Amino acid sequence: IALHELFDEVATTVQTAVDDIAERTVQLGGTARGTIQATSKATALKEYPLAITDGRDHVESLSTALATFGGQVRNAIDTADDLGDANTADLFTGVSRDIDKQLWFVEAHAQGR
């Protein structure tokens with residue numbers, strides 16, 4: 001149950017971040033391409049290994065995905081800063097903080113085993 005609750009919290013955090021980023025994209029005149037097909041084509045995340053069944057393997061895969069996403073978010077902060085867009089940089093800073101917190105929880109869970 002601990003993993004289930006952990007994964008639920010991570011999913012909620014990521015879903016909120018994705019929604020906030022999509023809303024900001026539209027505010028700036030862009031298009032939020034949120035379909036599974038568009039996302040899968042544009043992502044730098046590795047495909048999630050569907051064959052794993054062990055909780056430790058799931059924790060490791062989630063940790064890798066969160067670390068990758070966190071790195072991308074920090075790059076987005078730098079890009080927004082370079083473009084002089086303080087509001088977008090601030091949005092990404094909040095997302096970064098939330099993702100890093102979730103990564104810490106996931107990694108702490110892995111260390112406890």
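Starting from 1, each residue takes its place in the sequence as its number. The structure displayed is predicted, hence computed values, not measured ones.
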Novice: Give every residue pair that meets the ring-ring contact (aromatic ring centres under 6.0 Å, His included) criterion with at least one member in residues 82-102, sequence neighbours excluded.
Specialist: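 The answer is none; no pair qualifies.
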
Novice: Side chain of S40, backbone of Q37: donor and acceptor closer than 3.5 Å?
Specialist: yes

Novice: Strictly by ring-ring contact (aromatic ring centres under 6.0 Å, His included), give each pair with a member in residues 10-42 just once, sequence neighbours left out.
Specialist: none

Novice: Could you name each residue pair satisfying ring-ring contact (aromatic ring centres under 6.0 Å, His included) that touches residues 12-59, not counting sequence neighbours?
Specialist: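 Only Y48-H58 qualify under ring-ring contact (aromatic ring centres under 6.0 Å, His included).
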
Novice: Which pair of heavy atoms, one from L66 and one from I99, lies closest together, and at what distance?
Specialist: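 For L66 and I99, the tightest heavy-atom pair comes out as O-CG2, 3.7 Å.
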
Novice: Rounded to the nearest 0.5 Å, what's the gap from CD1 on I1 to CG on D8? Could you check?
Specialist: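 Output value for this atom pair is 9.5 Å.
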
Novice: Quick check: are there more than 12 heavy atoms from other residues, nucleotides or ligands sitting under 6.0 Å from CD of Q72?
Specialist: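 Yes - once you tally the heavy atoms of other residues, nucleotides and ligands closer than 6.0 Å, there are more than 12.
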
Novice: Compare every heavy atom of A89 with every heavy atom of D81, then report the nearest pair and how far apart it is.
Specialist: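 Taking D81 first and A89 second, the nearest heavy atoms are OD1-CB, 3.3 Å.
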
Novice: Can you tell me how far the CG atom of D90 sits from the OG atom of S96, to the nearest 0.5 Å?
Specialist: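 One finds 11.5 Å between CG of D90 and OG of S96.
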
Novice: With rounding to the nearest 0.5 angstrom, report the OG1 to CG distance, T79 to D85.
Specialist: 11.0 Å

Novice: In chain order, what residues pass the side-chain contact (heavy atoms from CB on, under 4.5 Å) check against L91, with sequence neighbours excluded?
Specialist: D20, I21, R24

Novice: Please list, chain by chain and in numerical order, all residues satisfying salt bridge (Lys or Arg N to Asp or Glu O under 4.0 Å) with D100, sequence neighbours excluded.
Specialist: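 Salt bridge (Lys or Arg N to Asp or Glu O under 4.0 Å) list for D100, sorted by chain: R74.
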
Novice: Are any of the side-chain heavy atoms of L103 and S63 separated by less than 4.5 Å?
Specialist: yes

Novice: Give me the atom names and distance for the closest heavy-atom approach of A110 to V59.
Specialist: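 Closest pair (atom of A110, atom of V59, distance): CB-CG1, 3.6 Å.
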
Novice: Under the side-chain contact (heavy atoms from CB on, under 4.5 Å) test, which residues partner R33, sequence neighbours left out?
Specialist: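 With neighbours one apart ignored, the set is T31, A38.
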
Novice: For A44 and T68, work out which heavy atoms get closest and say how close.
Specialist: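 Minimum heavy-atom separation between A44 and T68: O-CG2, 4.4 Å.
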
Novice: Measure the CD-CD distance between E60 and E107 for me, rounded to the nearest 0.5 Å.
Specialist: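 Output value for this atom pair is 11.0 Å.
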
Novice: Take a 6.0 Å sphere around CG of L83 and say whether it holds more than 12 heavy atoms from other residues, nucleotides or ligands.
Specialist: yes

Novice: What is the distance from atom CG of D98 to atom OG1 of T13, rounded to the nearest 0.5 Å?
Specialist: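 D98 CG to T13 OG1: 6.0 Å, rounded to 0.5 Å.
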
Novice: Please find the pair of heavy atoms, one from V95 and one from A17, that lie closest to each other, and give the distance.
Specialist: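 Reported closest heavy-atom pair: CG1-CB, 3.8 Å.
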
Novice: Rounded at 0.5 Å granularity, tell me how far NE2 in H109 sits from CD in E5.
Specialist: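 Atom-to-atom, H109:NE2 and E5:CD are 10.5 Å apart.
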
Novice: If Ile, Leu, Val, Met, Phe, Trp and Tyr residues are connected whenever their side-chain heavy atoms lie under 4.5 Å apart, and connections chain through other members, are I52 and L62 in the same group?
Specialist: no

Novice: So, for T25 and A32, which heavy atoms are closest and what is the spacing to 0.1 Å?
Specialist: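 Taking every non-hydrogen atom into account, CG2-N, 4.3 Å.
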
